[in-house]
Participant: 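Here it is, the structure in full.
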Amino acid sequence: MSLDDAKKEIKIINEYLKKFTWMDFTYGSINMGCIELIGSDDLTYEDNDFLKILFEEPLFISTLLNEWHKHDEKPFIEIASEEECINKFGHIYNKDCIIFKINVEDYNDAPVWVVSKKIKCIILKP
């Protein structure tokens, strides 16, 4: 996936999430082929997913293990620079991958990082 295509997907995600004052996030699945992040206004109800974010061909994830809420004052997801990755982890990852950082409520610095080759957004409730 090109960096421009990833930026387009991120724009779709961030624009969609601006419509909501509240959104909870958790993982649907994490495996070597795909990391599935699910957003919902209430995770206690089944089949109440609003969107899915798929990180395809992931290489690395640094994450919170519990569910979390979107940050109200920052974009939900951004592409991190190589410099940010070096500052955070001490090195950069595969140059074929894109470094994503996710901003979460009650954290000044993004606590969720995903390094993957592709990102895809699926909006389930427009």
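All residue numbers refer to positions in the sequence shown, counting from 1.
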Participant: Would one find more than 12 heavy atoms of other residues, nucleotides or ligands at under 6.0 Å from atom CG of Asp109?
Facilitator: no

Participant: Would you say the side chains of Thr44 and Asp42 form a donor-acceptor pair under 3.5 Å?
Facilitator: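 Result is yes, a qualifying pair exists.
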
Participant: Apply salt bridge (charged side-chain N to carboxylate O under 4.0 Å, His left out) to Lys7 and Asp5, showing your working.
Facilitator: CA-CA 5 Å; Lys7 287 178 180 178; Asp5 288 341; over 6 Å; no

Participant: Indicate yes or no for a side-chain donor-acceptor contact from Lys74 to the backbone of Asn108 under 3.5 Å, with no hydrogens or angles considered.
Facilitator: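 It does hold such a pair.
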
Participant: Tell me, with the steps shown, if Ile99 and Phe89 meet side-chain contact (heavy atoms from CB on, under 4.5 Å).
Facilitator: CA-CA 12 Å; Ile99 307 160; Phe89 303 108; 5.9 Å; no

Participant: Which of parallel (below 30°), tilted (30 to 60°) and perpendicular (above 60°) describes Phe20 and Phe50?
Facilitator: perpendicular

Participant: For atom NZ of Lys88, is the number of surrounding heavy atoms from other residues, nucleotides or ligands below 6.0 Å larger than 12?
Facilitator: yes

Participant: With a 4.5 Å cut-off on side-chain heavy atoms, are Ile10 and Phe100 touching?
Facilitator: yes

Participant: If you count the non-hydrogen atoms of other residues, nucleotides and ligands that lie under 6.0 Å from NZ in Lys125, is the total more than 12?
Facilitator: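 It does: Lys125 NZ has more than 12 such atoms within range.
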
Participant: With rounding to the nearest 0.5 Å, note down the distance linking NZ in Lys118 to CD in Glu9.
Facilitator: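 It comes to 12.0 Å.
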
Participant: Give a yes or no on this: more than 12 heavy atoms of other residues, nucleotides or ligands lie within 6.0 Å of atom CG of Leu65.
Facilitator: no

Participant: Side chain of Asn14, backbone of Ile77: donor and acceptor closer than 3.5 Å?
Facilitator: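 Such a contact is found between Asn14 side chain and Ile77 backbone.
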
Participant: Is Asp49 reaching over with its side chain to a backbone N or O of Ser40, donor-acceptor style, under 3.5 angstrom?
Facilitator: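 Checking the backbone N and O of Ser40 against the side chain of Asp49, no donor-acceptor pair under 3.5 Å is found.
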
Participant: So, taking the atom named CD1 in Ile35 and the one named CD1 in Ile61, what distance separates them when rounded to the nearest 0.5 Å?
Facilitator: 4.0 Å

Participant: Once you round to the nearest 0.5 Å, how far does CG of Leu37 lie from CD1 of Ile13?
Facilitator: 8.5 Å

Participant: Would you check if there is a donor-acceptor pair between the side chains of Trp68 and Asn66 at a distance under 3.5 Å?
Facilitator: no

